[in-house]
J.: 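Submitted below is the structure of interest, expressed as structure tokens.
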Amino acid sequence: MGAPEPTRRVRGDERSQLARDALRPLGPGERPPALRVAIAVCVALAIAVVAGAATVDDLSRHGGSLPGAALLAVVFVLLAQGMYRQRYWAVLSFEALLAFQIIVTSLALVVASTLLAAGVCLVSVGLGGWLFWKLVRVMGRIQAGERRALR
């Protein structure tokens, strides 16, 4: 019996490559729960934007417009459709919107004047952060499939 082999230290770029190689690409019809939640959130936001624009009496007085609401609703629908089709750009764009929502809600927490408002901000930051974190792996799996398709 010989001496045990010394453990080799893995550098950061090697570790990243090992993690990338370990990712299993998404299957053709596979949609992880986080992706389904993100799609549902986009559809719900599109419906909420249209309903809000349709029910507010004087939308321009409140800083909005019907064309702006329609454009926002179309963007949410396109993001939902892109995520349903497992497109990397759609998940990345939705994550950018999530990051913006987390930052703005965190700032709103600073000026929250009631416990209810602070609680709503905390829940929003928590759920947004959870979804953001879960979508990172989904993006990696989508990208793994794209990389393997290029080989």
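Quantities reported herein were computed from a predicted structural model and do not represent experimental measurements. When a residue number appears, it is its place in the shown sequence, counting from 1.
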J.: Establish whether Leu66 and Val56 are linked, either directly or via other cluster members, by ILVMFWY side-chain heavy-atom contacts under 4.5 Å.
T.: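 Leu66 clusters together with Val56.
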J.: Rounded to the nearest 0.5 Å, how far does CG of Leu72 lie from OG of Ser65?
T.: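 Ser65 OG to Leu72 CG: 10.0 Å, rounded to 0.5 Å.
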J.: Are any non-hydrogen side-chain atoms of Leu131 and Leu127 less than 4.5 angstrom apart?
T.: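 Heavy-atom side-chain distance check fails, nothing below 4.5 Å.
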J.: Starting from Leu98, can I reach Val120 by hopping between I/L/V/M/F/W/Y residues whose side chains sit under 4.5 Å apart?
T.: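 No, it is not one cluster - the side chains of Val120 and Leu98 are not joined through contacts under 4.5 Å.
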J.: Does any part of the side chain of Val111, heavy atoms only, come nearer than 4.5 Å to the side chain of Leu107, both counted from C-beta?
T.: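 They are not in side-chain contact.
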J.: State plainly whether the residues Glu95 and Lys134 are in salt-bridge range, i.e. N to O under 4.0 Å.
T.: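 A salt bridge is absent here (no side-chain N lies under 4.0 Å from a carboxylate O).
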J.: Might you point out which heavy atoms bring Gly82 and Ala90 nearest each other, and give the distance in Å?
T.: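 What the structure gives for the nearest pair is C-CB, 3.5 Å.
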J.: Please determine which of Val75, Leu79, Leu78, Val37 meets the side chain to side chain contact (heavy atoms under 4.5 Å, CB included) test together with Cys42.
T.: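 Going through the options one by one, the only one that passes is Leu79.
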J.: May I ask you to check whether over 12 heavy atoms, not counting those of Trp130, lie within 6.0 Å of atom CH2?
T.: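 More than 12 heavy atoms, drawn from other residues, nucleotides or ligands, come within 6.0 Å of this atom.
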J.: Is Gln86 reaching over with its side chain to a backbone N or O of Glu30, donor-acceptor style, under 3.5 angstrom?
T.: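 Looks like yes, one N/O pair under 3.5 Å.
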J.: Which residues end up grouped with Val77 if you chain together Ile, Leu, Val, Met, Phe, Trp and Tyr wherever their side-chain heavy atoms are less than 4.5 Å apart?
T.: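 Hydrophobic cluster check, Val77: no partners found.
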J.: In the structure I gave you, are the side-chain heavy atoms of Leu26 and Pro32 within less than 4.5 Å of one another anywhere?
T.: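 The answer is yes; the side chains approach within 4.5 Å.
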J.: Show your working on side chain to side chain contact (heavy atoms under 4.5 Å, CB included) between Trp89 and Ile142 and close with a plain yes or no.
T.: CA-CA 10 Å; Trp89 62 264; Ile142 291 171; over 6 Å; no
J.: Provide the closest heavy-atom pair for Ala80 versus Val43 in the form atom of the first, atom of the second, distance.
T.: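 Heavy atoms only, the tightest pair is CB-CG2, 3.9 Å.
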J.: Does the Thr105 side chain pair with the main chain of Gln101, one donor and one acceptor, at a distance under 3.5 Å?
T.: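 Looks like yes, one N/O pair under 3.5 Å.
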J.: Val49 and Phe76: which non-hydrogen atoms are nearest, and at how many Å?
T.: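 In this case the closest contact between Val49 and Phe76 is CG2-CE1, 4.3 Å.
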J.: Could you tell me whether the side chain of Leu135 reaches within less than 4.5 Å of the side chain of Leu92, counting heavy atoms only?
T.: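 No, too far: nothing below the 4.5 Å cut-off.
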J.: Measuring from atom SG of Cys121 to atom CG of Leu116, what distance do you get when rounded to the nearest 0.5 angstrom?
T.: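 Going from SG on Cys121 over to CG on Leu116, the span is 9.5 Å.
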J.: State, with a plain yes or no, whether a side-chain heavy atom of Val125 is found less than 4.5 Å away from one of Leu109.
T.: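 A side-chain contact is absent here, since even the closest heavy-atom pair is not under 4.5 Å.
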J.: Check whether any side-chain heavy atom of Val136 lies under 4.5 Å from a side-chain heavy atom of Met139, and answer yes or no.
T.: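 Val136 does not reach Met139 side chain to side chain.
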J.: What distance do Arg31 atom CZ and Arg85 atom CZ have between them, rounded to the nearest 0.5 Å?
T.: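 Rounded to the nearest 0.5 Å, the CZ-CZ separation comes to 10.5 Å.
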J.: Can you tell me if Tyr88 has over 12 outside heavy atoms packed within less than 6.0 Å of its OH?
T.: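 For Tyr88, atom OH is crowded (more than 12 foreign heavy atoms under 6.0 Å).
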J.: Would you give the length of the straight line joining atom OG of Ser93 to atom CE of Met83, rounded to the nearest 0.5 angstrom?
T.: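 Rounded to the nearest 0.5 Å, the OG-CE separation comes out at 9.0 Å.
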J.: Restricting to non-hydrogen atoms, name the atom on Ala46 and the atom on Ala73 that form the minimum distance, rounded to 0.1 Å.
T.: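 Closest approach of Ala46 to Ala73, heavy atoms only: CB-O, 3.8 Å.
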J.: Contact between Phe94 and Ile39 at the side-chain level, heavy atoms closer than 4.5 Å - yes or no?
T.: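 With C-beta onward as the side chain, the pair stays apart.
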